[in-house]
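The structure appears right after this line, and notes come after that.
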Number of protein chains: 2
Amino acid sequence: MAMIADRAGVGAGTIYRYFENKDVLIAELHRELEEKMTAAVGKGYSKEMPIRVRFLHLGTSLLKYFIENPLEFRYLEQFHNSPYGVDYRRDKILGKQEGCNIFRDLFEDGVSQQVMKDLPLVILFALAFGPLLAVARDHILGFIALDEVLIVWTIEACWDGVRR
Amino acid sequence: MAMIADRAGVGAGTIYRYFENKDVLIAELHRELEEKMTAAVGKGYSKEMPIRVRFLHLGTSLLKYFIENPLEFRYLEQFHNSPYGVDYRRDKILGKQEGCNIFRDLFEDGVSQQVMKDLPLVILFALAFGPLLAVARDHILGFIALDEVLIVWTIEACWDGVRR
DNA sequence: TAAAAAAGAATGAACGTTCATTCCTATTTT
DNA sequence: AAAATAGGAATGAACGTTCATTCTTTTTTA
């Protein structure tokens with residue numbers, strides 16, 4: 001909190017005029033980033049395209065977005081690996097809520113049209129996003145240098161994982 | 001550290017007779033767990049089997065191991081997502097070291113025998129372990145209940161991701 | 001009895017948060 | 001027009017707590 005106040009050029013106590021406490025600040029920042037990310041990824045996307053095209057579009061968009069916004073990626077990842085994020089996911093998965101509609105819709109369509117494997121949604125998510133996140137992390141940490149083709153190949157390999 | 005001492009039935013200072021500091025303790029525990037895990041996963045494994053069989057064997061063994069040892073899994077995951085783990089991976093990847101030999105050998109064999117995609121090792125690792133870790137996490141957190149068949153299907157899907 | 005090991009109280013740094021005070025701007029009063 | 005007042009925003013020192021580590025004392029071992 002002290003560092004945030006510093007970077008904002010503001011006194012330590014001022015933060016608490018805008019955010020009740022640290023947890024609220026973290027949650028609100030997460031909401032904002034996820035909204036921004038969803039908007040960016042959804043650009044040029046249409047539900048009318050074939051499943052495979054939709055998948056490749058969302059996958060590459062997302063991976064590119066993470067690579068171009070490494071700080072946001074790091075934040076989202078830390079959030080998801082923290083108790084905040086676990087609670088968040090628990091609400092979303094068990095609550096059958098709205099969130100992550102784009103992705104959920106895609107997988108549900110894919111399964112019902114028999115072009116994706118008939119596996120639980122959670123597993124399809126893991127097959128698609130597991131490698132994507134791992135690769136983004138490795139790129140940001142400098143373990144690999146992703147370029148346009150490598151990105152496409154990676155997402156296509158993810159597609160091989162989920163497709164029937 | 002206080003909790004660890006308590007659980008060990010030992011005074012707070014005693015730990016420091018066996019471990020220089022917390023970092024060393026963390027690193028040594030990690031080494032021990034990884035060794036144990038590698039041993040467990042390597043059981044019944046042979047380099048002479050076909051690539052696909054080797055992959056499915058290691059994958060299912062690893063996933064089952066994580067599911068049966070959730071505490072170890074949580075520890076290994078936290079370690080890898082921490083600065084300790086990032087430094088550890090950096091040494092291993094950029095240093096071209098020995099570690100993770102079983103897996104590395106498998107992927108190198110797979111690529112050279114043209115049965116796996118010709119992608120950088122790091123990406124093949126991501127395609128194989130990304131979903132595996134995600135699925136293990138989701139199981140442990142109670143978001144899904146993995147049984148024998150679901151485990152096999154998941155690993156087979158991972159195989160579809162890496163295979164040519 | 002000397003040396004090694006264990007114990008746990010003490011230490012100090014770091015953290016999130018609070019609160020009495022100051023500062024700034026807008027409104028009211030002279 | 002100038003002075004006085006009010007109210008909300010900002011400040012940063014101070015607080016209580018937690019944590020890894022150290023230090024001194026006590027106990028065990030050889």
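Order of the sequence lines sets the chain letters (A, B, ...), proteins ahead of strands, with each chain counted from 1.
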Salt bridge (charged side-chain N to carboxylate O under 4.0 Å, His left out) pairs, two or more places apart, involving residues 108-122 of chain B
A:Asp160-B:Lys117, B:Arg54-B:Asp109, B:Arg104-B:Glu108
Which ILVMFWY residues can you reach from B:Val53 by hopping between side chains whose heavy atoms are under 4.5 Å apart?
B:Met49
Exactly one candidate in B:Gln78, B:Glu35, B:His80 meets side chain to side chain contact (heavy atoms under 4.5 Å, CB included) with B:His30; the answer is B:His80
Residues within residues 4-12 of chain A bordering DNA chain D, heavy-atom distance below 4.0 Å
A:Val10, A:Gly11, A:Ala12
Can you list everything that forms a ring pair (Phe, Tyr, Trp, His ring centres under 6.0 Å) with B:Phe143? Sequence neighbours excluded, please.
none
Strand contacts (DNA chain C) in residues 15-27 of chain B, 4.0 angstrom heavy-atom criterion
B:Arg17, B:Tyr18
Other than B:Met3, what residues sit in its cluster of Ile, Leu, Val, Met, Phe, Trp and Tyr side chains whose heavy atoms are under 4.5 Å apart, directly or through others?
none
Restricting to side chain to side chain donor-acceptor pair (under 3.5 Å), what partner residues turn up for B:Asp23, sequence neighbours left out?
B:Tyr84
Tell me, which pairs form a salt bridge (charged side-chain N to carboxylate O under 4.0 Å, His left out) where one or both residues lie in residues 123-143 of chain A, sequence neighbours left out?
A:Glu77-A:Arg137, A:Asp138-B:Arg89
Residues that B:His57 engages under ring pair (Phe, Tyr, Trp, His ring centres under 6.0 Å), provided they are two or more places apart
B:Tyr45
DNA chain C: 5'-proximal contact among A:Met3 and A:Thr14 (nearest heavy atom)
A:Met3
Show me the pairs that pass salt bridge (charged side-chain N to carboxylate O under 4.0 Å, His left out) and involve residues 59-69 of chain A, at least two apart or across chains.
A:Lys64-A:Glu148
Reading DNA chain C 5' to 3', which nucleotide is the first, and which the last, to come under 4.0 Å of any heavy atom in chain B?
C:dA5 to C:dG8
In short, ring-ring contact (aromatic ring centres under 6.0 Å, His included) pairs touching residues 2-25 of chain B with sequence neighbours left out are none
